[in-house]
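Data block below; observations after.
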Amino acid sequence: MRKNHQMPDDDLVFLAYADLSGHVRGRAVPGRRYPTTVGWVPADQSITPFGSLGEMNPYGPLGDLRLIPDESAHIRADRLGATAFDVVLCDAVKPDGQPFAACPRAALRAAIERLAEQHRLEVKAAFEHEFTMLDAAGTEAAPLPAFSLQAQRSAEPFGSDLVRCMNSAGLEPENWLAEFAPGQFEITVTPANALRAADRASLVREIVRDVARVHQRAVTFSPMTSIGGVGNGVHVHLSLHTGNGKPVTHDRHDTDGLSRQARAFFSGIIRHLPALVALTAPSAISYLRLMPHRWSAAFTASGLRNREAALRICPGATPAGWNIEFRAADATACPHLVLAALIHAGCQGLDEGLDELRLLPGDPNAMSGDDLAAMGVVRLPTSLPEALDAFGDDGVARRWFDPLLIETYLEMKHTELTELADLSDAARIARYRAVY
Ligand code: GLU
Ligand code: MG
C-alpha cells in the first residue's frame with residue numbers, strides 16, 4: 001500500500017497490531033531503526049475496548065510475542081499536521097517464529113487459504129465506513145439536509161484532506177459523502193484481495209481519526225451515537241473470483257443472477273449468521289443498530305438491492321461489477337476477524353453445496369412471521385449475550401478458529417459486558433462513542 005518509501009531518520013514508524021477488540025495498538029520506532037521487529041505481549045489480545053484486562057484471560061503476565069511488519073500493509077501520509085502518519089500493520093509470532101494462534105491476521109490468512117485450496121476461489125472485498133463527526137463539545141453537528149452539498153462542505157477542509165491523505169497512502173478512496181444523519185459521513189475504498197481489504201479497513205479508521213485530530217475535530221465510528229439515532233454501519237462488499245482473477249459472482253442464466261458458487265458461498269453466510277454477528281457486530285450497543293427499519297440488518301435475510309437485508313445483492317453493469325454487501329457489521333469489530341468469519345462461512349456453504357438463498361420480495365418488516373419463516377428467515381440475536389450464545393452453540397463455526405483465539409475472544413467479550421453491566425443504554429453508548 002505504501003507509495004513513498006523514503007523515510008526521514010527521525011520520523012516515527014508505528015508498528016501496529018489490529019487486535020480482537022477492533023483497536024489498533026502497537027509501538028513506534030525511529031525511522032533510522034526501521035525495518036525492525038518489536039516485542040509484544042500476548043495479553044494485549046485480552047484487553048477490552050475500554051482498557052481493562054479480565055482476570056480469567058488465558059495469558060496473565062506470561063509470554064512474549066514479536067510483531068513482524070508486513071510491508072504490503074505499510075502506509076505513510078505526509079503533510080498530516082506536523083508529523084507524518086507512518087504505520088505498518090504486523091503479524092504476531094511466538095518466540096519460535098510460529099504464528100500466534102490468537103492473531104486475527106493469521107486467522108484471516110487461514111480462511112483465505114482454505115477458500116483457495118478447497119475451492120480454487122478468492123474473495124475481493126471493500127469495506128464502507130460510516131462515522132459521526134462531533135464538535136469540540138462532543139455533540140453531533142446541527143442538522144443539515146441529508147446527503148447534501150452543504151453538509152459535505154460543512155466538513156471542509158477535513159474531507160479534502162482526508163481523501164488526499166488516503167490517496168497518498170495508497171488506500172484508494174472511492175466515495176466521500178455526507179450521510180443521512182446530522183454529522184454522519186461515509187468513506188468508501190476500492191475492492192482489494194481479502195487481506196489487503198481488512199488491512200485497509202483498520203488503517204482507514206485510524207487515518208480518519210488522525211486527520212480529524214489535525215483539524216481539531218472529533219469523530220466516532222461507534223455503531224450508535226445516541227438513543228434512537230441513526231446507526232454507523234460497516235458494510236463489506238464481497239465478490240468471488242477464480243485464482244486467475246476471473247469474476248464468478250454473476251451468472252446471467254440464474255434467476256437471481258448469481259453463480260452456483262455465489263449461491264453456495266452466501267448460503268453459508270446466511271446459515272451461520274446468528275453466530276457470525278458475535279464477531280461482526282460485537283459490542284453491547286451493536287444490537288441497538290441491528291433492529292428493524294434501520295437499514296442495517298435485523299434478519300437472516302438476503303435481497304436484491306434491499307437495504308433491510310443482511311446480504312444486499314448489488315448487480316453490476318459488467319460481470320466484474322456484481323457483488324454482495326454484508327450489512328451486519330460495525331466498527332467495534334476487528335476487520336480481519338470479520339472477513340475470516342465471512343470467508344469460512346462461505347467455504348462451509350461451498351463444502352456442503354448449499355443452495356438456500358431465498359431473496360426477499362420486499363421489506364422484511366412488511367412480511368408476516370409465517371412468510372418469513374417459510375423463507376427460512378429468522379430474527380438475528382437482539383443482544384451481544386444472545387449472539388455470543390449463538391456462536392457458542394454453532395459447533396461448525398467454532399471449528400473455523402483456533403481454540404486459543406476463541407477462548408481469548410469470549411473471555412474479553414464477557415469482561416467487556418461485565419464492565420457495562422449496570423449501565424443504561426445511553427451510558428453504554430457514551431462509553432463506546434468515546435473509544436471508537
Ligand atoms: N446507517 C445504516 C447502517 O447502520 C446504513 C445506511 C446505508 O444504507 O448506507 O448500516
Ligand atoms: Mg451508508
Side-chain angles (χ1 to χ4, degrees), residues 22 125-134 140-141 143-148 151-152 155 159 162-163 173-191 201 204-205 208 219-238 269 273 276-277 279-315 323-333 335 338 342 360 362-365 379-382 384 387 425 428-429 432-433 436:
F127 285 67
E128 295 178 351
H129 284 94
E130 294 175 336
F131 62 90
T132 305
M133 192 109 64
L134 306 168
E140 276 100 335
L144 288 170
F147 309 119
S148 67
Q152 173 155 332
L162 172 64
V163 171
E174 205 171 50
N175 285 313
W176 162 242
L177 57 137
E179 251 283 356
F180 183 71
Q184 191 182 36
F185 291 85
E186 177 172 321
I187 183 81
T188 70
V189 297
T190 56
V204 163
R205 294 172 199 178
V208 168
V219 293
T220 180
F221 290 82
S222 174
M224 294 297 287
T225 58
S226 61
I227 294 282
V230 174
N232 283 320
V234 171
H235 301 162
V236 190
H237 289 261
L238 301 158
I269 292 179
L273 194 52
L276 294 182
V277 289
L279 309 177
T280 65
S283 75
I285 61 167
S286 296
Y287 297 85
L288 301 174
R289 169 177 167 260
L290 295 184
M291 303 233 280
H293 301 293
R294 304 188 59 84
W295 288 22
S296 58
F299 302 95
T300 59
S302 49
L304 182 68
R305 303 189 170 99
N306 191 329
R307 289 179 180 77
E308 281 280 320
L311 290 179
R312 174 169 70 112
I313 319 299
C314 307
N323 66 87
I324 296 187
E325 179 191 50
F326 179 79
R327 297 174 68 82
D330 66 56
T332 60
V338 170
L342 294 176
L360 289 173
D363 184 345
N365 304 297
R379 181 77 171 85
L380 281 173
T382 58
L384 180 58
D425 282 345
R428 289 173 168 201
I429 289 172
Y432 285 104
R433 250 174 79 137
Y436 286 103

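Atoms within each ligand, like the ligands themselves, are counted from 1 in listed order.
The heavy atom nearest to atom 1 (N) of ligand 1, considering only Glu130, Met291, Glu308, is found in Glu130. Selection from His235, Arg294, Arg307 by nearest heavy atom to atom 5 (C) of ligand 1 gives His235.
By the 3.5 Å distance cut-off applied to N or O atoms, Arg327 is counted among the residues near ligand 1. Below 3.5 Å of separation, one finds an N or O of Gly231 facing an N or O of ligand 1.
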* Asked: Can you check side chain to side chain donor-acceptor pair (under 3.5 Å) on Thr225 and Asn232, steps first, answer last?
  -> CA-CA 8 Å; Thr225 58; Asn232 283 320; 5.3 Å; no
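Residues Asp330 and Pro282 are in side-chain contact: their nearest non-hydrogen atoms beyond the backbone lie under 4.5 Å apart.
Heavy atoms of Glu179 come nearer than 4.0 angstrom to ligand 1 in at least one pair.
Between the CH2 atom of Trp295 and the CG atom of Asp363 there is a distance of 10.5 Å, given to the nearest 0.5 Å. Atom CZ in Arg312 sits 8.0 Å away from atom CG in Asn323 (nearest 0.5 Å). Atom-to-atom distance recorded for Leu311:CG and Phe326:CZ is 7.0 Å, nearest 0.5 angstrom. Considering CZ of Arg327 and OG1 of Thr280, their distance stands at 13.0 Å, rounded to 0.5 Å. How far CE of Met224 is from CZ of Arg433: 11.0 Å, rounded to the nearest 0.5 Å.
Closest to atom 4 (O) of ligand 1 among all protein heavy atoms lies Arg289 NE, 2.7 Å.
Of all atoms in ligand 1, listed by their number and element, those nearer than 4.0 Å to a heavy atom of Trp295 are 2 (C), 3 (C), 5 (C), 8 (O), 10 (O).
Protein atoms of type N, O or S found under 2.8 Å from the Mg ion (ligand 2) total 3.
The ring-ring contact (aromatic ring centres under 6.0 Å, His included) check on Phe221 picks up His129, Phe131, with sequence neighbours excluded.
When each of Ile187, Thr190, Thr188, Val204 is tested with Pro173 by the rule side-chain contact (heavy atoms from CB on, under 4.5 Å), just one qualifies, namely Ile187.
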